[in-house]
Amino acid sequence: MQGDMGWGSLTVLALAASGANALLRFSCSQLVVERLDPLVNPGLAPSPHLHQIVGGNAFNTTMDPSTPPPSLATCTTCTFADDFSNYWTAVLYFRSRNGSYIRVPQKPNVGFEQARGGMTIYYIPYIGSTKSSVTAFKPGFRMLIGSQSSRTREETSRFRQLTYTCLQNMLTRTGETLDMPKKPCPAGIMSNVRFPTCWDGKNLDSPDHMSHIAYPSSGTFESYGPCPSTHPVKIPQLFYEVIWDTTRFNSKDLWPEDGSQPFVWSQGDKTGFGNHGDYVFGWKDDALQKAMDSNCDRCPQLKSQSIAQGNQCTRPVQVHEQIDGWLDAIPGLTPGLEDQM
Ligand SMILES: *[C@@H]1O[C@H](CO)[C@@H](O)[C@H](O)[C@H]1NC(C)=O
Ligand SMILES: *[C@@H]1O[C@H](CO)[C@@H](O)[C@H](O)[C@H]1NC(C)=O
């Protein structure tokens with residue numbers, strides 16, 4: 001199982017480097033880190049657990065699908081300036097031997113060194129040389145993949161492509177695992193979130209934010225697996241890479257004496273099986289569809305901005321609470337919650 005998992009980003013990285021593939025790979029700096037989740041807990045501030053969010057500054061407690069981000073946002077942290085989408089994941093904490101927690105910082109990916117944390121976003125229309133047409137997401141579209149409450153391999157296997165890469169160096173793209181790395185990773189931990197690539201063609205969202213999307217009925221996106229008849233429309237593969245700078249916690253004498261690993265997701269998951277990612281589509285007009293159709297990678301026809309400009313896009317924090325420094329508990333959680341699961 002785990003041996004099968006190297007293909008995704010390895011292929012992507014190799015093809016991105018050669019410029020042979022039509023994928024968009026770009027940087028989105030941090031917008032905010034706070035307890036909001038307009039998809040799962042609209043209107044709730046604070047939401048149950050902490051997220052790190054990138055993209056357009058229309059991100060808010062509630063995001064009404066009838067007023068998509070391009071109509072509200074004034075800037076984006078992404079280098080494609082017409083992309084006002086929001087992308088978010090949970091946040092990683094380190095638990096020390098004395099039981100206190102500290103937030104693990106994020107670090108930029110290869111090629112995007114000036115970014116203020118955040119993540120690398122990919123939209124992939126096809127892999128290799130077999131071109132296929134994909135339908136870009138529609139205004140109001142949103143989705144979620146993964147389950148914050150998963151704590152076992154079985155529970156997370158149904159999501160197929162939520163993984164970790166233990167970075168030996170910043171270019172490591174092999175050896176993905178479904179659970180949190182068990183040993184210190186010399187260059188940090190990369191969490192990888194790949195969304196399903198088939199859509200029912202009708203619903204912009206669904207009650208669980210997942211039923212309107214599906215994986216190929218056989219094979220994978222990468223092996224050109226067909227979409228199931230219930231979800232016949234092929235959509236681009238959306239993929240997040242998030243790099244957690246765990247390096248300052250790599251000394252074994254900081255790790256738990258029982259040999260377990262010390263990193264905990266902000267929903268209280270130390271297994272890593274609760275990896276999840278959220279998406280609210282927010283490209284302006286048909287910019288994304290045009291980029292997918294033209295098989296471009298740098299896509300000069302798209303409006304872009306520098307990483308430094310993206311870093312300047314901000315939005316006021318709405319939930320005021322301490323998330324940094326040594327904490328007795330992860331924001332919103334009972335101390336030691338992760339040990340009960
Ligand atoms: C968030 O929503 C509230 C209520 O609708 C609104 O007053 C506020 O301006 C919004 N904030 C941002 C940053 O869009
Ligand atoms: C807990 O351990 C961390 C890391 O060793 C240390 O920096 C912190 O001060 C300790 N906190 C308490 C309350 O002892």
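Residue indices begin at 1 and follow the sequence shown. Read the numbers this way: they start at 1 and go in the same order the structure lists the ligands and their atoms. Given the structure is predicted, the values throughout are model-derived calculations rather than measurements.
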Run the ring-centre check on [X] versus [Y] and record whether the distance is less than 6.0 Å.
{"X": "W244", "Y": "Y93", "value": "no"}
{"X": "F59", "Y": "W88", "value": "yes"}
{"X": "F141", "Y": "H212", "value": "yes"}
{"X": "Y122", "Y": "F26", "value": "no"}

Quick check: N60 and ligand 1, any N/O pair under 3.5 Å apart?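 Looking only at distances, the answer is yes, because the N/O contact criterion of under 3.5 Å is met.
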
Contact bool for atom 12 (C) of ligand 1 (protein heavy atom, d < 4.0 Å): yes

Do any non-hydrogen protein atoms sit less than 4.0 Å from atom 7 (O) of ligand 2?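 Flag for atom 7 (O) of ligand 2 set to true, protein heavy atom closer than 4.0 Å.
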
Atom 1 (C) of ligand 2: nearest protein contact (heavy atom, Å): N98 ND2, 1.5 Å

Could you tell me the residue and atom name of the protein heavy atom closest to atom 5 (O) of ligand 2, and the distance to it rounded to 0.1 Å?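 Result for atom 5 (O) of ligand 2: L254 CD2, 4.4 Å.
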
Working note: I121 + Y240, criterion side chain to side chain contact (heavy atoms under 4.5 Å, CB included); need CA distance, chi angles, decisive distance, verdict. CA-CA 5 Å; I121 304 292; Y240 307 165; 3.7 Å; yes

